[in-house]
Novice: 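Quick one: the structure is below, and I'll ask about it shortly.
Letters A, B, ... are given to chains in the order of the sequence lines, protein chains preceding strands, and every chain is numbered from 1. No hydrogens, no waters, no symmetry mates; every other heavy atom, side chains included, goes into these values.
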Amino acid sequence: MLVITVIISDVSHYITSCDPISVRNVIAAIDPSLVRLAIAARVDDRLVDLSYIIDHDVKVYIIAEKDKESLEIIRHSSAHLLAHAVKQLYPTTQLAIGPVIDNGFYYDFAVKNPFMPEDLRRIQMRMEELASQDILIERLVIQRDEAVDLFHNLGEEYKVRIINDISGNENISLYRQADFIDLCRGPHVPTTGKLKAFRLMKLAGAYWRGDSRNDMLQRIYGTAWIDLRSLESYLYRLEESEKRDHRKVGKALDLFHFQEEAPGMVFWHDHGWRVYIEIQNYIRHLLRENGYQEVHTPQIMSRSLWERSGHWEKFHKYMFTTASENRDYAVKPMNCPCHIQVYNQRLHSYRELPLRLSEFGSCHRNEPSGTLHGLMRVRNFVQDDAHIFCTEDQIQSEVSRFMDLLFQIYNDFNFNEVQLVLSTRPEQRVGSNAVWDKAEKSLELALNQRGLPWQLKPGEGAFYGPKIEFVLRDCLERLWQCGTIQIDFSMPSRLDACYVAEDGSKRIPVMLHRAILGSIERFIGILIEQYAAGLPVWLAPVQVVVLNITEQQAGYAVKVEKFLIQRGFRAESDLRNEKISFKIRVHTLQRVPYMLIIGDREIKTETIAIRSRAGKDLGVMNIQAFVQLLQSDVARRGRTG
RNA sequence: GCCCAUAUAGCUCAGUCGGUAGAGCACAUCCUUGGUAAGGAUGAGGUCACCAGUUCAAAUCUGGUUAUGGGCUCCA
């Protein structure tokens, strides 16, 4: 006699059965009308299909459509439905893989003729047809050799390769819906009718197993949801985030542009450059306060230096080069070799360490054309870059100091969610194990001192040393790796950096590469999207615009504008012969934080009327009071509350 | 770099079957002096990304190049 505890929506039911019994029948025994709401079940911490046969006493959690776990199953089944439709429409297609991803799924196909956008519409329609047929989805378990034969006979060579890669001798599970069979661990929805809200989104090329040496497959991305409402709201969210795309905003707010003659390199316009300068100066002052020396080094250096540093061998494909008087040069892709040149200009005592050199150096990397993406991935960028020369014993305290500064800065930008990742020694590396032990330990201690959770990525460190990466989460839940601190055991010795130790011996310093914002270009891109173009007052390209109602007030408006500029604010006036509502609209769309409206009333009382870009009337005040308001905004930076 | 798509006025976009281009906004001039998200009139503005080819004729069809977009790979 089996005793089964069935949990449906947190309510327990008890079922007994003499024989093994399927999950579906267990539910039917409680209430037959519940069967059609069920998607799958969890038995012994394993997700299973409704057809799963229970043969011992267990607790069964039923997963209904409304449960969180159902979404992943629906997406996975949608991927199968996609493959089913593709096989029907294009029978010679070979299937590769079709996993679930954030918000949806994809499936990779090997096809002779790549899919066209019209194909996507056909496939979507066929999927809808197959869904409406409410086809039963069955799980089959067969032996490994049988499975290999089956897929071989079906011409599915990628599936054969996948089976051969599944370790162990376990049997192989397959799923069948009508004439379509796919290799899959499952579980799946019981019938295709459960798939009610999916949309094919885009086509892409993708390499088999993600390796660029392998075949290029055709990938179809789709999104799938529990119901049409969730699908619609997802599509709406996508539209909304497209609106804050920094490339669109950059054009609309006249911040920067790109053009064909300089791919991946930014032309900053006045308003964009104001933001850039503001951020740079903010960082510059903080670095100085924190014991960094700012330097500035050449843009171009002889190839021989890059050969000595090791960059030439590893990265010359991605370096811009030039020549003069029979010498080859390279445009710098990073600042560190230059900083070692500055360091090496004299002999250093251990007493001077740690020595911190910072630079807003313009770096060029000839990134592959396909990787360029607005401000987010460029060929010419400036980092808030610095290198710390120190002893091994100083690593931990330097990393801690760095993190203090980093969190202060992130908070000023209102990025309060930061993920920390420690990447440790890769297989190919320089330096002794003892040195790596010590370095990794220092980073770990510094992380633990913070008391924040962090993630370990073994083997992901650079060849020259371990590193910590700081990943920001923006308001659209996207992750951006910005900050980093990397320990380098290699370059100081390659480029002959040394210091005199307490005992008079010459030693090689450790170098820490570190950045907090990363590329300033990219960081501005992130900020634009985070704030949906409405940058906080301290960063806004125009903080205040003064608007006159009629030309009678033009003189007073200009006086107010000048007054604000003299006090260091970015103010403009708009004296155009337009109605006040027109000007308000224009500057609201330009996301100017404050609009000062000047009419005869204001002149008479020597005040200004203030409206925010959010459309709020902030009332009438005198200009000194407004200056105080601005000052407190600027001082608060991005911090809220 | 690889796969697919796209490229028309400063911007956003129409342009059917191949017959040398259109709208809205922006811009200029004039009228209007209006109190919190678009007042009106007139005007100027384009070698249809670039280079070839097919054709009596190409924005439109074909090939190539470049850039951009979505992915993949990469990211010192």
Side-chain angles (χ1 to χ4, degrees), chain A residues 101 106 108 111 113-120 201-221 242 245 247-248 251-252 254 257-264 306 309-319 332-337 363 365-374 376-379 381 383 462-465 467 481 484 486 488 490-491 513 518-519 522 547-554 576-590 595-602 609-618 620:
Chain A
I101 51 172
Y106 68 78
D108 283 349
V111 278
N113 303 315
F115 294 123
M116 300 291 165
E118 307 89 74
D119 296 317
L120 222 55
M201 302 295 285
K202 52 199 174 190
L203 284 168
Y207 299 107
W208 166 244
R209 297 219 159 110
D211 189 325
S212 58
R213 289 166 300 190
N214 290 342
D215 308 340
M216 173 65 67
L217 305 171
Q218 294 297 311
R219 177 171 297 178
I220 297 179
Y221 283 94
E242 255 170 54
D245 187 313
R247 292 164 300 190
K248 276 192 182 161
K251 229 180 238 176
D254 196 19
H257 85 270
F258 288 92
Q259 68 185 49
E260 217 170 309
E261 289 80 357
W306 300 107
S309 74
H311 290 97
W312 187 260
E313 193 195 354
K314 243 181 126 82
F315 296 109
H316 72 272
K317 255 172 52 192
Y318 302 111
M319 288 162 78
K332 71 175 166 189
M334 50 176 8
N335 301 306
C336 36
C363 296
R365 295 180 184 179
N366 198 358
E367 304 284 1
S369 55
T371 62
L372 302 179
H373 178 94
M376 303 306 196
R377 188 79 184 268
V378 288
R379 286 187 173 147
F381 57 89
Q383 287 177 290
F463 73 92
Y464 50 72
K467 62 181 174 186
Q481 195 244 296
T484 183
Q486 314 185 351
D488 188 341
S490 163
M491 213 180 299
H513 305 247
S519 142
R522 197 178 66 127
L547 311 176
N548 57 332
I549 286 177
T550 70
E551 60 190 47
Q552 311 304 319
Q553 303 95 28
R576 285 181 295 176
N577 176 13
E578 296 288 353
K579 289 192 169 184
I580 193 68
S581 51
F582 174 88
K583 296 192 206 177
I584 284 174
R585 177 181 155 80
V586 168
H587 298 287
T588 304
L589 292 173
Q590 286 291 307
M595 281 158 269
L596 308 188
I597 289 126
I598 313 263
D600 287 336
R601 289 204 294 268
E602 284 72 26
I610 302 165
R611 179 184 162 113
S612 77
R613 63 183 159 198
K616 219 165 128 193
D617 182 356
L618 301 179
V620 174

Novice: Please determine, for the side chain of A:Pro263, which listed nucleotide (B:G70, B:A26, B:A67) has the closest atom?
Specialist: B:A67
Novice: Base, sugar-phosphate or nothing for A:Ile580? Non-hydrogen atoms, less than 4.0 Å.
Specialist: sugar-phosphate
Novice: Considering every strand shown, what is the Watson-Crick or G-U wobble mate of B:U42 when both distances are under 3.5 Å?
Specialist: B:A28
Novice: With a 4.0 Å cut-off on heavy atoms, is A:Phe315 in touch with a base, just the backbone sugar-phosphate, or nothing at all?
Specialist: base
Novice: Taking only side-chain N and O atoms of A:Arg247, does any of them lie within less than 4.0 angstrom of OP1 or OP2 on B:G69?
Specialist: yes
Novice: In whole Å, measure the gap between the C1' atoms of B:C51 and B:U47 for me.
Specialist: 13 Å
Novice: Heavy atoms under 4.0 Å, any strand shown: does A:Ser212 hit a base, just sugar-phosphate, or nothing?
Specialist: sugar-phosphate
Novice: Is there side-chain contact between A:Tyr464 and A:Gln486, with heavy atoms separated by less than 4.5 Å?
Specialist: yes
Novice: Ignoring the backbone of A:Met216, work out which of B:G35, B:G71, B:G70 is nearest its side chain.
Specialist: B:G71
Novice: Distance criterion of 3.5 Å, no angle test: do you see the side chain of A:Tyr207 paired donor-to-acceptor with the base of B:G1?
Specialist: yes
Novice: Taking 4.0 Å as the cut-off, does a side-chain nitrogen or oxygen of A:Arg613 come that near to OP1 or OP2 on B:U36?
Specialist: no
Novice: Does a distance-only test, which skips hydrogens and angles, find a donor-acceptor pair under 3.5 Å between the side chain of A:Arg377 and the base of B:C74?
Specialist: yes
Novice: Check the distance between B:G10's C1' and A:Gln259's CD and give it to me in whole angstrom.
Specialist: 13 Å
Novice: Give me the ring orientation class for A:His316 and A:Trp312: parallel if the planes are under 30° apart, tilted from 30 to 60°, perpendicular past 60°.
Specialist: parallel
Novice: If you only use heavy atoms from C-beta on, which nucleotide in B:G39, B:U68, B:G70 is closest to the side chain of A:Ser581?
Specialist: B:G39
Novice: What nucleotide among B:C11, B:C75, B:G1 has an atom nearest to a side-chain atom of A:Lys251?
Specialist: B:C11
Novice: Looking only at the side chain of A:His311 (C-beta and beyond, no hydrogens), which of the listed nucleotides B:C11, B:A37, B:A76 gets closest?
Specialist: B:A76
Novice: Taking the side chain of A:Tyr221 as its heavy atoms from C-beta onward, which of B:C72, B:U68, B:G35 lies nearest to it?
Specialist: B:C72
Novice: If you count heavy atoms of other groups shown closer than 6.0 angstrom to CD of A:Glu313, is the number above 12?
Specialist: no
Novice: Output yes when A:Asp211 and A:Arg209 qualify as a salt bridge under the 4.0 Å nitrogen-oxygen rule, no when they do not.
Specialist: no
Novice: Provide the closest heavy-atom pair for A:Glu367 versus A:Arg379 in the form atom of the first, atom of the second, distance.
Specialist: O-NH2, 2.8 Å
Novice: The side chain of A:Thr371 is closest to which nucleotide in this list: B:A76, B:U73, B:G71?
Specialist: B:U73
Novice: Ignoring hydrogens and geometry beyond distance, is the side chain of A:Glu242 in donor-acceptor contact with the base of B:G69 at under 3.5 Å?
Specialist: no
Novice: Heavy atoms from C-beta onward define the side chain here; which of B:C4, B:A76, B:G35 lies closest to that of A:Ile597?
Specialist: B:G35
Novice: Hunt down the Watson-Crick or G-U wobble partner of B:C48, both distances under 3.5 Å, from any strand shown, or write none.
Specialist: none
Novice: Ignoring the backbone of A:Glu260, work out which of B:U66, B:A76, B:A37 is nearest its side chain.
Specialist: B:U66
Novice: Once you apply a heavy-atom cut-off of 4.0 Å, does A:Gly374 come out as touching a base, just sugar-phosphate, or nothing?
Specialist: sugar-phosphate
Novice: With a 4.0 Å cut-off on heavy atoms, is A:Leu589 in touch with a base, just the backbone sugar-phosphate, or nothing at all?
Specialist: base
Novice: Contact class for A:Asp617 (heavy atom, under 4.0 Å): base, sugar-phosphate, or nothing?
Specialist: nothing
Novice: Quick check for you: among B:C72, B:C4, B:C3, whose closest atom lies nearest to any side-chain atom of A:Met116?
Specialist: B:C4
Novice: Per the atom types in the model, does the base of B:A37 pair as donor or acceptor with the side chain of A:Arg611 at under 3.5 Å?
Specialist: yes
Novice: Strictly below 4.0 Å: does A:His373 bring a side-chain N or O up to OP1 or OP2 of B:G70?
Specialist: yes
Novice: State whether A:Lys314 places a side-chain N or O below 4.0 Å from either non-bridging phosphate oxygen (OP1 or OP2) of B:A76.
Specialist: no
